[in-house]
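Written below as structure tokens is the structure these notes are about.
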Amino acid sequence: MPAPVAQEAALRQCPGGSAVRRGNVWLVRLSGTLEEMGRQHGTLLREEAIEGNVPFFTGLVRRMLGEEATLPRKRIERWSPKVLKGRLLPALLFRKLLRNLPEAIHAEMNGLAAGLGVDPGDVLASTVVPDLLLWLLGKGFARPQRLLDWSRFSACTSVAVWGAGVKDGGFLVGRNLDFFGSGVWDRAHAVFYWQPKGGQRWVSVGSAGVGTGAITAMNESGLTVSLHINRTKDVALTGEPMLALADRLVREATSMEDACRMARGVTPTVGFSVFVTSAREGEAANFECSHSGVSIRRSRDWRPEGSPRWAGSAFWQTNHYLMPDRQRDEVDVNVSIRAQTLGRYRAVERLLDSDFGQADAQRVAEWMSDHADPFVGKTRPIGSIITQPDCISSVVFEPLKKTVWVADGDAPVSHGRYVRFQMDEDLAGENGELVALQPPAWTRTKEFGAYKNYEKAYAGSVLGYSPGEMLAHVERAIEVDPTECIYFFTAGLLRLKRGGPKGALELFEKALGLPDLPHKHASIRFWKAVALDALSRRAEAVPLYEQVAKADGAGKDLREWARRYAKKRFPVKDLRALRVDFQFGDVILTPPAGVL
């Protein structure tokens, strides 16, 4: 049963708006024009926004403006020397993207900036950061490793189940937002109720200082909207940025046909998907977007193989295209990211197979915190699982009840409780007993305790911990759970970074004795060979490099590096610069041309 949570804190007010705490979530009521509602948002949550999301996201924009893109010479001969020297190029790219941002978003962002007291240019630019990153990736203007190093936009999961799949015959939507901002976004969770002049109301789930109510939202017509990222070569700076379509859908659409009509009229900038559900019609759809157009995949037209019992009553999406015309130009950044999106997709299917007919809000919240890796066949802390380390927002919608359950803890937020919000009650200002869904059962196991230590090491990689400090946390994880391959692998990488190849070698050997995917074992063998190189055991290292170079499961880049170091010794002096990727349990920047 849902449990009571702390009562609401003191009310904040401004003309047209108010904000109050419920659990660890801000409940924010906004009204008026879009610009007025943006200003109310900024005014009411200024303190939290200025301490968190605003410096984080505007700082991200400024870092992008201050960095040169890595542009292949053959592709940039037409650019002038002035453009190539630095800041002007990314500034021009931002300007082109912002030119196509709809007036509605401009109005809201200008109001938000005024309420916050910050530069409106920074706030506007932050709305198209994902578009710019995906454009750079799609055009090959930046190495994928460089983008992953500081953006980590990798994963989202949405699932809808209704009718026979739900215990009471209703309609449920689960949604995880996995995006950069861990430790910032999740410190200021917010539920925004939008009451525009002359339009329908909607509720969005976000964070203090993050504009637009379109990333995760539900309107009073019973439609939900969730934004997902895709990676494709079919990109351009012309067309509408990804937030534009999602924003229009939640504000204006009242039926699935409305939503489909709006999607067909869009020319997108980059790759993304919009997962849309219509509870009143008992339907869901996914709009798969890239610059050349939008492919619409609807639940009513889907005929899954084998006629599973959930057919016609469930629909879901992760981060890969399923429509052939979008798959044609899809980009695989690396094997781990591809395995992750495919694994999450398969994990949802497994949960529907096992829990069909038993779904309620509690069960769907447990789905969003699931840790079973369908490829490895075990419950594990990270990998091809639904819950990702960068899960900064998790939601369960009950559109027919106008109810949304919002996870209110730290990332990964799906490990915690989900607090209830009900549109009609909240807009009426009622303060009844507050309730929350219980945290998932996995959070009460010893494996979860081990994961929390690993999570501390992951946080330390962002906060600037020393390799020794991060290693201590991972070693504590190993003590509690000695069955997880990734713990041994990351501990080995940290020992290698600290100049301890002998200890690293032992850890890599233990990791290879534990289950994981072929591409991960190939990576472990590569770094085992590096440890042997560091120990001057070249005769043992070379066969391992050669084995990795021929491994079918390894990614193209890893095979190239293995071929390179089969011919010459790895530059072990560069190991101090090795950067461990705790999200995927590997290395962020692997060595291009011999340099980490």
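The first residue of the sequence shown is numbered 1, and numbering continues consecutively from there.
A heavy-atom distance below 4.5 Å is found between the side chains of Thr216 and Phe397. The side-chain heavy atoms of Tyr418 and Asp408, taken from C-beta on, include no pair separated by under 4.5 Å. In this structure, the side chains of Leu243 and Ile105 come closer than 4.5 Å at one or more pairs of heavy atoms.
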### Task
Step by step, work out the side chain to side chain donor-acceptor pair (under 3.5 Å) result for His371 and His415.
CA-CA 10 Å; His371 274 262; His415 284 159; 2.8 Å; yes
### Task
Tell me, with the steps shown, if Asp581 and Tyr458 meet side chain to side chain donor-acceptor pair (under 3.5 Å).
CA-CA 8 Å; Asp581 179 354; Tyr458 182 18; 5.9 Å; no
### Query
Hey, mind stepping through Trp316 and Ser158 against side chain to side chain contact (heavy atoms under 4.5 Å, CB included) and telling me if it holds?
CA-CA 6 Å; Trp316 66 100; Ser158 293; over 6 Å; no
### Task
Apply side chain to side chain donor-acceptor pair (under 3.5 Å) to the pair Thr212 and Glu108, showing each step before the final yes or no.
CA-CA 7 Å; Thr212 85; Glu108 184 198 333; 5.4 Å; no
### Query
Would Ser414 and Thr387 satisfy side chain to side chain donor-acceptor pair (under 3.5 Å), going step by step from the backbone distance to the final call?
CA-CA 7 Å; Ser414 54; Thr387 291; 3.2 Å; yes
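Put simply, the residue from Asp325, Thr269, Asp234 that forms a side chain to side chain donor-acceptor pair (under 3.5 Å) with Ser290 is Asp234. For the side chain to side chain contact (heavy atoms under 4.5 Å, CB included) with Met109, the lone residue among Leu98, Leu34, Asp122, Leu124 that qualifies is Leu124.
Judged by distance alone, the side chains of Thr238 and Arg99 never bring a donor and an acceptor atom under 3.5 Å apart. Under 3.5 Å, the side chains of Gln200 and Ser221 contain a donor-acceptor pair of N or O atoms. Between the side chains of Gln327 and Glu288, no donor-acceptor pair of N or O atoms lies under 3.5 Å. In the model, Thr224 has a side-chain atom that pairs as donor or acceptor with a side-chain atom of Thr277 under 3.5 Å. Using a 3.5 Å distance cut-off with no hydrogens or angles, the side chains of Trp442 and Thr379 do not pair a donor with an acceptor.
Under the rule for a ring-ring contact (aromatic ring centres under 6.0 Å, His included), Phe272 has no partner lying at least two apart in sequence or in another chain.
Listed for the His228 side chain is no donor-acceptor partner under 3.5 Å among the backbone atoms of Val274.
Using bins of under 30°, 30° to 60° and over 60° for the plane-to-plane angle, the ring pair Phe526/Trp561 lands in the tilted bin.
Counting only residues at least two apart or on different chains, the side chain to side chain donor-acceptor pair (under 3.5 Å) pairs with a member in residues 306-315 are Trp310-Asp353.
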